[in-house]
S.K.: 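The following block contains the structure, expressed as structure tokens.
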Amino acid sequence: MSEQVLLKNIDNPSAHRIETYEASGGYQGLRTVLRNFAPDEVIEEVKSANLRGRGGAGFPTGLKWSFVPKDSPLPRYLCCNADEGEPGTFKDRILMERDPHQLIEGMIIAAYAIGCRTAYLYIRGEYGLSIEHCQQAIDEAHALGYLGPNILDSEHSLEIHIHKGAGAYICGEETALLESIEGRRGQPKLKPPFPAVAGLYECPTVVNNVETLACLPHLFSRGGEWFASIGPDHSPGPKLFCISGQVKRPGVYELPMGRTLGEMLEDYGGGALTGQFKAGIPGGVSAPMFPRSEFDIKMDFASLAEAGSMLGSAGIIGLDETASIPQVARRVTEFFNHESCGKCTPCREGLTWAAKILRRIEAGRGQRGDVEQLEMLCGGIFGKSFCALGDGAAWALGAALKHFRHEFDALIIPQSKAG
Amino acid sequence: MSDTRSLDEIKSDLAERVEQIMTRYPTARSAIMPSLDLAQQEYGSVDELTYRAIAELLDVPEIWVFEVASFYSLYDRSKMGRHHIRLCTNLPCMLRGAEALMQHLQQRLEVEPGETTSDGSFTLSAVECLGACEVAPVLMAHAQYHGDLTVEKLDALLATFAAQPAEEMS
């Protein structure tokens, strides 16, 4: 097994307490940063380590930070996106429940880099234990001078507040998350302006994922070169993978990127629950699935993007030979339809329509032309809304139709009317 | 539900803590979600009187409170059963038998998803991914997760809930 960095203390029942964290090297990364790095140098180090965002899009973190204007008189905000909701994803919950100081230390480092004095940690409302342990971590960090005014006698000051979500997948989209902190319905906004320029309260804002921020203490205590040496050049650093679905050993696994989807499901997931795998989803339900014949795809940002899917949230879902792809497609489409915020017509109406057709097909009442109709709907949704929710829905459905067309066709009534 | 409390009583129940919440944000509007959460913890659900109380405490239009309360699924705008069972039916749970568990719960409780039993003891909800797929199928009740569910585990859980009043569970 490769070295465990993020999950090093995960089985220690007191890993969430600051004494345990400090005893295993915690807050040394922050000390190094405050002693040896100017804020700009922090950004440069993260850029050269090539840390890419672990929330879904894989955007280079240092580059994102560098978009924050240097000369703005406005306050800058850091928001941590802990609204983990992509089906098949639970890594951020594990980090926050069991070892939350990695995240808090990472937030302090990121806030220093962008000149932020108030940060918000947006945790989904269902994650009660995460909220409890993160609040305890914040309080403990305060008591030891890692938070509050003049952190470790430096010029850097920071307060972190938890903002509790209330059950809306869409708030994982960064502009919707900011709307939600502002006390509004979580509906995405058109970009530009990007949050780095006009984000929370119209001020320069950075939104980073939990795992991304949790990488920072390690990156600075051990150096950017060490970080960049793990995994493939274009996708370096420790990475968490969530394995779920029809596998024998579901769970969170820490591995360098670049293993194949087949290795992940067979060697780590423990193989199919029944018989063989039929398909695998690489990065949460928004990520297009691969049939078993394509299980040699490498699990990193670049390889998956090239193959027309994405690493996304690294939520790997195994589908074995008992899975019905039309049923899978129906459930996933119903999810996106339920979570569509309703702002953009193609997403709101298109998904309602697609779900209706998929329910009909699953029930064995599919009509000739239904599959073509679904393909047409996918094209009508993809790229035509403000945010990526509709894109993910259309993309995932499109892959199911492409690879498993025969399963849909088998449910179409032969003599039925077209459309 | 705050139906036994007057507007002024609700306001005085919440005032101090709402003021505390407001110190965390530069705008009063940002305090709407945490205030609704607070009210729900206090009264079990939120209603029009709660919206008005929060609006007055924050000095924001009441519609701002209502539009938030009606958007987010965790705010209960009607009275829930003493035990609210939220069973995840999303893909990873579905692949491990959540649909059969949902049918079992519907039969045992004699309700459809979204309904409350006639004696007011259970509300059954089908929910989207709870982010605990490593223990799928999973449900949430009284803010606790219960995973690796089977029909036997469900029955045992229902028996535990039925034997205890809700206040002792949370």
Side-chain angles (χ1 to χ4, degrees), chain A residues 75 84-90 92-94 118 120 124-130 159 161-169 171 180-187 201 203 242-246 249-252 273 281 284-285 315 317-320 322-323 327-328 331-332 334-335 338-339 341, chain B residues 21 23-38 40 46 54 58 60 64-76 86 88-99 125-138 140 142-145 147-148 170:
Chain A
E84 185 171 62
E86 180 70 24
T89 314
F90 39 96
D92 295 343
R93 194 195 91 243
I94 302 274
T118 305
Y120 293 98
R124 64 178 295 189
E126 292 88 342
Y127 280 7
L129 192 58
S130 294
E159 296 295 339
H161 303 294
I162 292 176
H163 190 88
K164 185 176 168 185
Y169 168 76
C171 289
S180 184
I181 297 177
E182 289 182 10
R184 296 185 169 85
R185 296 163 82 93
Q187 294 188 313
Y201 310 115
C203 296
C242 319
I243 305 183
S244 70
Q246 290 162 321
R249 288 196 304 267
V252 175
L273 267 187
I281 297 174
V285 297
I317 305 171
L319 309 176
D320 72 19
T322 66
Q327 186 193 25
V328 168
R331 185 63 190 87
V332 170
E334 282 183 336
F335 162 69
H338 180 252
E339 297 297 337
C341 80
Chain B
I21 289 167
T23 63
R24 308 203 292 254
Y25 304 98
T27 70
R29 190 172 193 166
S30 284
I32 293 175
M33 284 180 71
S35 300
L36 280 167
D37 182 55
L38 175 70
Q40 181 155 304
V46 293
I54 291 172
L58 297 176
V60 297
W64 287 6
V65 183
F66 175 70
E67 68 182 21
V68 167
S70 57
F71 182 83
Y72 296 93
S73 63
L74 288 183
Y75 300 127
D76 295 326
R86 300 172 194 266
C88 176
T89 57
N90 208 301
L91 184 62
C93 283
M94 183 192 89
L95 291 169
R96 299 179 79 95
E99 296 202 335
S125 297
V127 299
E128 298 296 358
C129 187
L130 290 168
C133 324
E134 81 277 27
V135 291
V138 63
M140 192 175 92
H142 300 290
Q144 301 278 326
Y145 281 23
D148 292 322
S170 35

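So that the names make sense, note that chain A is the first sequence line, chain B the second, and so on, each numbered from 1.
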S.K.: Would Tyr169(A) and His338(A) count as a close aromatic pair, with their ring centres under 6.0 Å?
M.R.: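 No, the ring centres sit 6.0 Å or more apart.
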S.K.: What about Tyr120(A) and Tyr25(B), are their ring centers closer than 6.0 Å?
M.R.: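 When the ring centroids of Tyr120(A) and Tyr25(B) are compared, they turn out to be within the sub-6.0 Å range.
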S.K.: Of the backbone (N, CA, C, O) and the side chain (C-beta and beyond), which part of Val127(B) lies under 4.5 Å from a heavy atom of chain A, both, or neither?
M.R.: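 Contact with chain A: backbone only.
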S.K.: Report which part of Ala132(B) has an atom under 4.5 Å of a heavy atom belonging to chain A: side chain, backbone, both, or neither.
M.R.: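 Both backbone and side chain.
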S.K.: Shorter than 4.5 Å, heavy atoms on both sides: which option in His163(A), Arg249(A), Glu334(A), Glu86(A) has the most such pairs with chain B?
M.R.: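 Looking at each option in turn, the highest pair count goes to His163(A).
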S.K.: Between Ala166(A), Gly167(A), Gly165(A), which has the largest tally of heavy atom pairs under 4.5 Å with chain B?
M.R.: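 Highest number of heavy-atom pairs under 4.5 Å: Ala166(A).
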S.K.: Any donor and acceptor pair, going by atom type alone, linking the side chain of Arg93(A) with main-chain N or O of Gly131(B) inside 3.5 Å?
M.R.: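 Yes.
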S.K.: Can you tell which part of Ile32(B) gets under 4.5 Å to a heavy atom of chain A, answering side chain, backbone, both or neither?
M.R.: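 Side chain only.
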S.K.: Using the test side-chain hydrogen bond (donor to acceptor under 3.5 Å, both in side chains), find all partners of Tyr127(A) that sit at least two apart in sequence or belong to another chain.
M.R.: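 Result, side-chain hydrogen bond (donor to acceptor under 3.5 Å, both in side chains) vs Tyr127(A): Glu84(A).
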S.K.: Heavy-atom distance under 4.5 Å to chain B: side chain of Val285(A), backbone, both or neither?
M.R.: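 Side chain only.
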S.K.: Less than 4.5 Å to any heavy atom of chain B: does that hold for the side chain of Ile94(A), its backbone, both, or neither?
M.R.: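 For Ile94(A), the side chain is the part near chain B, not the backbone.
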S.K.: Quick check on the interface: out of Ala168(A), Gly251(A), Gly88(A), who has the most heavy-atom pairs with chain B under 4.5 Å?
M.R.: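 The residue among Ala168(A), Gly251(A), Gly88(A) with the greatest pair count is Gly88(A).
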S.K.: Can you tell me which portion of Glu99(B) sits under 4.5 Å from chain A's heavy atoms? Options are side chain, backbone, both or neither.
M.R.: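 Answer is side chain: those atoms of Glu99(B) sit under 4.5 Å from chain A.
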S.K.: Quick one: side-chain hydrogen bond (donor to acceptor under 3.5 Å, both in side chains) partners of Ser70(B), sequence neighbours excluded?
M.R.: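 Checked Ser70(B) against side-chain hydrogen bond (donor to acceptor under 3.5 Å, both in side chains); matches are Arg185(A).
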S.K.: I'd like to know if the side chain of Glu126(A) reaches the main chain of Leu130(B), judged simply by a donor and an acceptor atom lying under 3.5 Å from each other, with no hydrogens or angles considered.
M.R.: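 Pair absent, no side-chain N/O of Glu126(A) close to backbone of Leu130(B).
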S.K.: Which atoms of Asp37(B) come close to chain A, meaning under 4.5 Å heavy atom to heavy atom: side chain ones, backbone ones, both, or neither?
M.R.: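 Just the side chain, heavy atoms under 4.5 Å.
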S.K.: Looking only at atom types and distance, does a side-chain atom of Glu134(B) sit under 3.5 Å from a main-chain N or O of Ser244(A), one as donor and one as acceptor?
M.R.: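 Here the side-chain-to-backbone pair does not exist.
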S.K.: Please classify the contact of Arg24(B) with chain A as side chain, backbone, both or neither, using a heavy-atom distance under 4.5 Å.
M.R.: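 Both parts, backbone and side chain.
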S.K.: Heavy atoms only, distances under 4.5 angstrom: which of Cys242(A), Gly128(A), Ala323(A), Ser180(A) has the most pairs with chain B? Name it, please.
M.R.: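 Heavy-atom pair counts peak at Ser180(A).
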S.K.: Whether the side chain of Arg96(B) engages the backbone of Gly245(A) through a donor-acceptor N/O pair (distance < 3.5 Å, no angle test) should be reported.
M.R.: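 Present.
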S.K.: If we define contacts as heavy-atom pairs under 4.5 Å, which of Thr89(B), Val60(B), Thr27(B), Leu36(B) has the most with chain A?
M.R.: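 Highest number of pairs under 4.5 Å: Thr89(B).
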